[in-house]
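Here's the structure, in structure tokens; my notes come after.
In this text, all values refer to a predicted model and were calculated from it rather than measured experimentally.
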Amino acid sequence: MRWHRPARRWPWLLLAAAVAGLATGDVFYAFGEHTVADACYLAMYVMVALALLQFTSGGSLLDDRARLIDLLAFACAGLLVIWVFLVNDAAELGQISAADVIGTVLLVAVAVRLLLATGRNVSAGLLVVGSVGLLASDIAYPLAPGSWAETGFRVLYVTWGLAALHPSMARVTQPMTPRPPAWHGHWAVLLVVSVATPPLVLFIESITGAVEDGVAIAAAGAITLTLTITRLADAVTLNSRALARERGLRGANADLVAAADLPSVDEAVRSAVVALIPAQLVRRVVFATDDRQLALEALPPAPSGRRPRSWWTDESASEEATLVCPLWLEPLAVARPSGGALVLTGRRDALAAARDALEVLAGQAALALDRISLVEAVGRRDSDLYLRAVIRNTAELMLVLDEDQRVRYASPGLHDLLGDDDLSPLSTFADLVDPDDQGQIRRAFATGGDGTMFCALRRPDHSRVLVEATYRDLREDRLVQGFVVTMRNVTERHNPAESLPHREHLDDLPAWVNRRSAQHKFRY
């Protein structure tokens, strides 16, 4: 456990306690203390049962455990019937302990189910081999006591020790995403038959003669009853989790529908995460509405190929993990192409159990962000249409620029001044001015704020028009979200410098105006 650091340690601690109980029982059995040895063996089975319950208590194994419990209960009832009515009548098999055989068969069944659930896992396979060895010795040793009959016990010790030492032991307890199974009535009937079998066998023995298999019947009844209670507890647990997820997602959906801005969406998402996962199990929640923010968090990119709904940043079996749920909705990607993701860091088992709900939450958040983006885009379009309708018949020179200085709207007066009816949809304000003035244009808008500057506009015939441009920074305005530039044509005389109202601003004039002013002064 210190070397490989599994996600859950309790199953391996219980398994170690079971091996210690078995070894202690062997010591007392060697000294003739059979009563104490039997108590140790019984404690070993209890520890093994608890360990296997812990092994199958996380992720999808908890959902699939219902089928396993039904099969185990039916196998226990079937073994009881076979033992009482077939094996017990054979004298040579009478030395075999029915309780040991039934318990070991169930142990083998659970180990096999664990192996199937975890795939080709070496540790799970070693647990199966050790369980089969225990079953073989439980049958062989009462029939022919000897060293060779104890081989199965030695196999159990060796294989279970190797199972804990192999690196794959960490993946045995790694949580998996739950997959709720569909309910089928025949499984419930199977469980009812299993629970009713031990009392029925006891009733048949009592009316046909003396009860000779009371211990086996009691053991089988206790096992089936315990399995039934576990089955019902699992059903209640799964139902409670589903109801909690449903309430959390329903509340989050209502909050996200009412959200009008990014802070409201962020608050709704964080409240939903607390409702879906206990706060003490989540160490960090990052709600990034832009891929650039994810880059600042130093998160790895999404896996290659088809975009998944979520992924782990670290596939190791450590107890803590980071889950990334992207804020992607392909049909609406054009409305908000910046991406983003919901990133959670916490207990791996808690994140795995709520992974589906977190993916749904991320999709709802993405839908809310796309809705807000579309509403803002519609608002800006309506604002531009209103502005266009108001100043359509005026000679005012006006521009509306996006944050990246692209021209969103140009007034008709500006089109007339430039002699160009159509501007490229990708053109920027810097593209309209003289190359000598592009530097100051970029610096002015990069620093933000309001201000006034002089620049020269270029016409298609390569002539230039000197204007006084006053710009306002309205990027924080909900309807504008950009710069508004109003311009005044100051090129009315032969010498552009003479038309300026304030001569002290000559240093701020475009370079080509200063050059012409110098030529005018010194040509005599």
### Message
Looking at Arg475 and Asp473, is there a salt bridge between them, counting it only when a charged N and a carboxylate O are closer than 4.0 Å?
### Response
yes

### Query
Given side chains that start at C-beta, do those of Leu369 and Leu262 come closer than 4.5 Å, heavy atoms only?
yes

#### Entry: Asp436 side, atom CG; Ile441 side, atom CD1 - distance, nearest 0.5 Å
12.0 Å

### Query
Do the side chain of Arg488 and the main chain of Leu397 share a donor and acceptor less than 3.5 angstrom apart?
no

#### Entry: Contact summary for Val269 and Ala365, nearest pair of heavy atoms
CG2-CB, 3.7 Å

### Task
Please confirm whether the backbone N or O of Ala252 pairs with a side-chain atom of Asp255, one donor and one acceptor, at under 3.5 Å?
no

### Message
Measuring from atom CG of Asp266 to atom OG of Ser264, what distance do you get when rounded to the nearest 0.5 angstrom?
### Response
9.5 Å

### Query
Are the side chain of Arg371 and the backbone N or O of Ala259 linked by a donor-acceptor pair below 3.5 Å?
yes

#### Entry: Side chains of Thr470 and Thr486, donor plus acceptor under 3.5 Å
no

### Query
Can you check whether Asp437's main-chain N or O pairs, donor with acceptor, with Asp434's side chain at less than 3.5 Å?
no

### Message
Has Glu476 got a side-chain atom pairing as donor or acceptor with Gly482's backbone, closer than 3.5 angstrom?
### Response
no

### Query
Can you tell if the side chain of Arg250 reaches within under 4.5 Å of the side chain of Arg247, non-hydrogen atoms only?
yes

#### Entry: Interatomic spacing from CE in Met47 to CG in Leu13 - rounded to 0.5 Å
11.0 Å

### Message
Can a donor-acceptor pair be found, under 3.5 Å and without considering hydrogens, that links the side chain of Ser240 to the backbone of Val236?
### Response
yes

### Task
Flag the pair Leu361 / Leu249 as yes when at least one side-chain heavy-atom distance between them is below 4.5 Å, and no otherwise.
yes

### Message
How about CZ on Arg472, more than 12 heavy atoms from neighbouring residues, nucleotides or ligands closer than 6.0 Å, or not?
### Response
no

### Query
Yes or no on side-chain contact (heavy atoms from CB on, under 4.5 Å) for Val324 and Ser310, after CA distance, side-chain angles and deciding distance?
CA-CA 5 Å; Val324 180; Ser310 64; over 6 Å; no

### Task
Would you confirm whether Gln438, through its side chain, and Ala430, through its main-chain N or O, come within 3.5 Å as a donor-acceptor pair?
yes

### Query
Would you find a donor on one side and an acceptor on the other, under 3.5 Å apart, between the side chain of Arg283 and the backbone of Arg347?
no

### Summary
Note: Ala111 and Val128 closest approach over all heavy atoms is O-CG2, 3.3 Å

### Query
Is there a side-chain contact between Leu399 and Phe429 (heavy atoms, below 4.5 Å)?
yes

### Query
What distance separates Ser194 OG from Leu225 CG, expressed to the nearest 0.5 Å?
12.5 Å

### Query
Heavy atoms, side chains only, cut-off 4.5 Å: are Met398 and Leu414 in contact?
no

### Task
With rounding to the nearest 0.5 Å, note down the distance linking CG in Leu323 to CG in Leu342.
8.0 Å

### Geometric class of the Tyr471/Phe445 ring pair [parallel <30°, tilted 30-60°, perpendicular >60°]
tilted

#### Entry: side-chain contact (heavy atoms from CB on, under 4.5 Å), paired with Thr228, selected from Ile223, Val192, Val195
Val195

### Query
Hey, is Arg408 close enough to Asp402 for a salt bridge, meaning N to O under 4.0 Å?
yes

### Query
Looking only at heavy atoms, which two atoms of Ala275 and Gly248 are closest? And how far apart?
CB-CA, 4.1 Å

### Query
Taking side chain as C-beta onward, heavy atoms only, is Phe287 less than 4.5 Å from Val343?
no

#### Entry: Shortest non-hydrogen contact from Asn121 toward Leu115
O-CD1, 3.6 Å

### Message
Minimum heavy-atom separation for Ala469 and Cys455, please, with both atom names.
### Response
CB-SG, 4.5 Å

### Task
For the residue pair Arg464 and Leu457, establish whether any side-chain heavy-atom pair is separated by less than 4.5 Å.
no

### Task
May I ask you to test the Met487-Glu468 pair for a side-chain heavy-atom distance under 4.5 Å?
no

### Query
So Arg406 and Asp404, salt bridge (Lys or Arg N to Asp or Glu O under 4.0 Å) or not? Walk me through it.
CA-CA 6 Å; Arg406 296 192 182 277; Asp404 56 357; 3.3 Å; yes

### Message
Distance check, rounded to the nearest 0.5 Å: Leu227 atom CG versus Phe74 atom CZ?
### Response
14.0 Å

### Message
Can you confirm whether the side chains of Ser123 and Ser168 place a donor and an acceptor under 3.5 Å from each other?
### Response
yes

#### Entry: Test log, rule side-chain contact (heavy atoms from CB on, under 4.5 Å), inputs Leu401 and Val485
CA-CA 8 Å; Leu401 307 178; Val485 182; 4.0 Å; yes

#### Entry: Full working for side-chain contact (heavy atoms from CB on, under 4.5 Å) between Leu191 and Thr224
CA-CA 9 Å; Leu191 186 61; Thr224 54; over 6 Å; no

### Message
Would Leu367 and Leu256 count as a side-chain contact (heavy atoms from CB on, under 4.5 Å) here? Give the steps.
### Response
CA-CA 9 Å; Leu367 186 61; Leu256 291 173; over 6 Å; no

### Summary
Here the pair of heavy atoms bringing Ala354 nearest to Ile277 is CB-CG1, 3.9 Å

